[in-house]
Amino acid sequence: MSGREFSKIKESLASWSEIRQLLRGGESGQLVPVVIPKDRRGFAWVGLLLAALYLAGTAVFADGALSLLAAAASVVTMVAAAVWLWRRAIIEIEEGTTGVRSRWGAIVGTLPPGRHYLWLPWDRVDAVVDTSTEIPYSAPIAACPTAENVPLKSIEFFLKFRIVDPVAFVRTIGAGNFDLVLSSAVQDAIRQRSRQVHTERAYDLRGSDVGDMQELLTRQLGRYGVRITGANIPDVQLPDQYQQHLATREKVAKELSAFEREWELTRKRRIDTLLMEIERSKKTRDARIVEVRAAANTARKDVARMLEEHETEAQRVRWEIEAKGRAELTSAENEAKGLRRLADSYRDNRAVLQYELARRRLDVGARLAESAPRPVVVRTSGTSGDTSALSTLLLAQLLPRLNDGTNGVGGLNGAGGQAGPQNQTP
């Protein structure tokens, strides 16, 4: 077990002048969050009050100077009793503390920091509780078994708590009993935590997160008006034999670390060599890239020159084609103009030809009229009834003979002979 011991919590009985020192500094290395003040009022003022009443009665029943002297003494005694009562009724509660007030032994409330007056003798302050200070509590737990049931030499647990409800703290448990309850709760929480840790990782408990333990202790001690404000595990000590084992492991770990450092140096040297090779290759690559870019620029210039030459040749060919096209276009336009003029002349000749054609038609018509057969009109009466087949046959035989006797054109006689005979009715 370590040289440190459990913190002790107790309550003390002291006068009002010693309360501040006890609450802030404790007593003989023990924590004193609660001080029971001694009642300093007493009943001396009652004797003075009775003496004043006696002197007042003497002044009433006496005569002369004795009456005046007794009256003066009664007034002085009465004032002294009042001042005595006033001074003894003053209660001063220090800043950061709370007074628990009782009447006839029953707690009736609290007194905040400041000056208060308790005139009645049955009103008193049962306790003055420190409600602002976070009280430190140290608990070195010995022989805590780990998950492999290896008892650790000790685990030091440190916490801070504050009394938030002085009435519940004084009425329910008190400082002495709270020390037992707190130490028991802390030991249970530490042993539960050590059971969850493997021995080889016991040192990980140092400075580890103990928020769950703090919440557990707060739930257990909350009904006593106490709140845990902070907790941690500052130190863990392993058994001696296991420490030797760990020393051996640390030695091996140091050798391994030295080998790893040596390997790291070797690896860095190799990496540096490779980086130098890479840089050299990069320089060679950059030189080749420069050469390739120069060649590309030369090729680009050659291509540009070739393109310019081709473009010039294409421009020349285009100009030749345009000149030839303009010449052909001019020739076609001239030919079109000649054709247009020829058409105009044809149009004029056409009018002359149409006149000649019309004149020739008139001449042909005149000649045809001269050589046309003369019509033979056969008059028959519609009432005579001479329309027999015999008369028609005779007439058909007679008509060709009549036609042969005329002087007509041979080609037109036949036509005239066919159209000549007509029957007309009068």
Side-chain angles (χ1 to χ4, degrees), residues 2 4-12 19-36 93-100 107 109-114 126-142 144 154-197 203-237:
S2 64
R4 302 189 61 178
E5 297 180 353
F6 276 86
S7 299
K8 299 295 182 181
I9 302 174
K10 60 173 292 188
E11 59 187 15
S12 298
I19 291 177
R20 182 185 183 90
Q21 179 181 357
L22 289 174
L23 291 178
R24 296 293 181 262
E27 182 181 9
S28 301
Q30 297 179 348
L31 304 175
V32 182
V34 179
V35 176
I36 301 174
I93 305 298
E94 295 288 340
E95 183 67 30
T97 63
T98 302
V100 179
I107 297 176
T110 59
L111 296 176
D126 276 352
V128 177
V129 184
D130 188 354
T131 56
S132 63
T133 305
E134 292 184 348
I135 302 171
Y137 184 84
S138 178
I141 314 299
C144 296
S154 69
I155 298 179
E156 186 175 350
F157 186 72
F158 176 80
L159 61 85
K160 296 182 294 182
F161 68 91
R162 187 163 65 89
I163 301 173
V164 295
D165 190 349
V167 175
F169 185 81
V170 172
R171 178 187 294 169
T172 306
I173 190 169
N177 295 330
F178 179 73
D179 180 68
L180 298 176
V181 172
L182 180 59
S183 62
S184 177
V186 168
Q187 291 187 46
D188 290 341
I190 287 293
R191 294 183 190 278
Q192 291 178 9
R193 172 56 64 87
S194 65
R195 278 292 187 183
Q196 300 174 1
V197 178
Y203 282 133
D204 293 344
L205 291 175
R206 294 176 179 177
S208 61
D209 185 14
V210 292
D212 54 344
M213 298 174 61
Q214 181 177 340
E215 293 178 0
L216 175 63
L217 293 174
T218 299
R219 289 196 301 268
Q220 292 179 354
L221 305 177
R223 60 177 178 271
Y224 304 127
V226 177
R227 184 175 64 193
I228 306 299
T229 59
N232 67 346
I233 300 176
D235 187 24
V236 176
Q237 294 186 8

For this session: Kindly state each residue pair satisfying salt bridge (charged side-chain N to carboxylate O under 4.0 Å, His left out) with at least one member in residues 128-139, sequence neighbours excluded.
Result: Arg24-Asp130, Glu134-Lys160
Exercise. Nearest heavy-atom pair of Pro166 and Thr98: which atoms, and what distance?
Worked result: CG-CG2, 3.8 Å
Exercise. Are any non-hydrogen side-chain atoms of Arg206 and Asp235 less than 4.5 angstrom apart?
Worked result: yes
For this session: Taking the side chain as every heavy atom from C-beta outward, state whether Gln192 and Leu216 have any pair of such atoms under 4.5 Å apart.
Result: yes
For this session: Sort and list the pairs that fulfil side-chain hydrogen bond (donor to acceptor under 3.5 Å, both in side chains) and have at least one residue in residues 210-220, not counting sequence neighbours.
Result: Arg193-Asp212
Exercise. Can you list the residues that meet the side-chain contact (heavy atoms from CB on, under 4.5 Å) rule with Ile233, with sequence neighbours excluded?
Worked result: Ile155, Phe157, Ile190, Leu205, Ser208, Val210, Val236
For this session: Name all residues meeting the side-chain contact (heavy atoms from CB on, under 4.5 Å) criterion together with Arg195; count only those two or more places apart in sequence or in a different chain, and write none if there are none.
Result: Pro145, Asn149
Identify each donor-acceptor pair in which a side-chain atom of residues 170-185 lies under 3.5 Å from a protein atom, sequence neighbours left out, and give them as a table.
unit_1: Thr172; atom_1: OG1; unit_2: Ala168; atom_2: O; d: 2.7
unit_1: Asn177; atom_1: ND2; unit_2: Ile173; atom_2: O; d: 3.0
unit_1: Asp179; atom_1: OD1; unit_2: Ile9; atom_2: N; d: 3.1
unit_1: Ser183; atom_1: OG; unit_2: Asp179; atom_2: O; d: 3.1
unit_1: Ser183; atom_1: OG; unit_2: Leu180; atom_2: O; d: 2.9

Exercise. Could you state the interatomic distance from OG1 (Thr110) to CG (Asp165), rounded to the nearest 0.5 Å?
Worked result: 9.0 Å
Problem set entry | Which residues share a salt bridge (charged side-chain N to carboxylate O under 4.0 Å, His left out) with Arg223, sequence neighbours left out | none
Problem set entry | Arg227 side chain vs Ile163 backbone, donor-acceptor pair below 3.5 Å | no
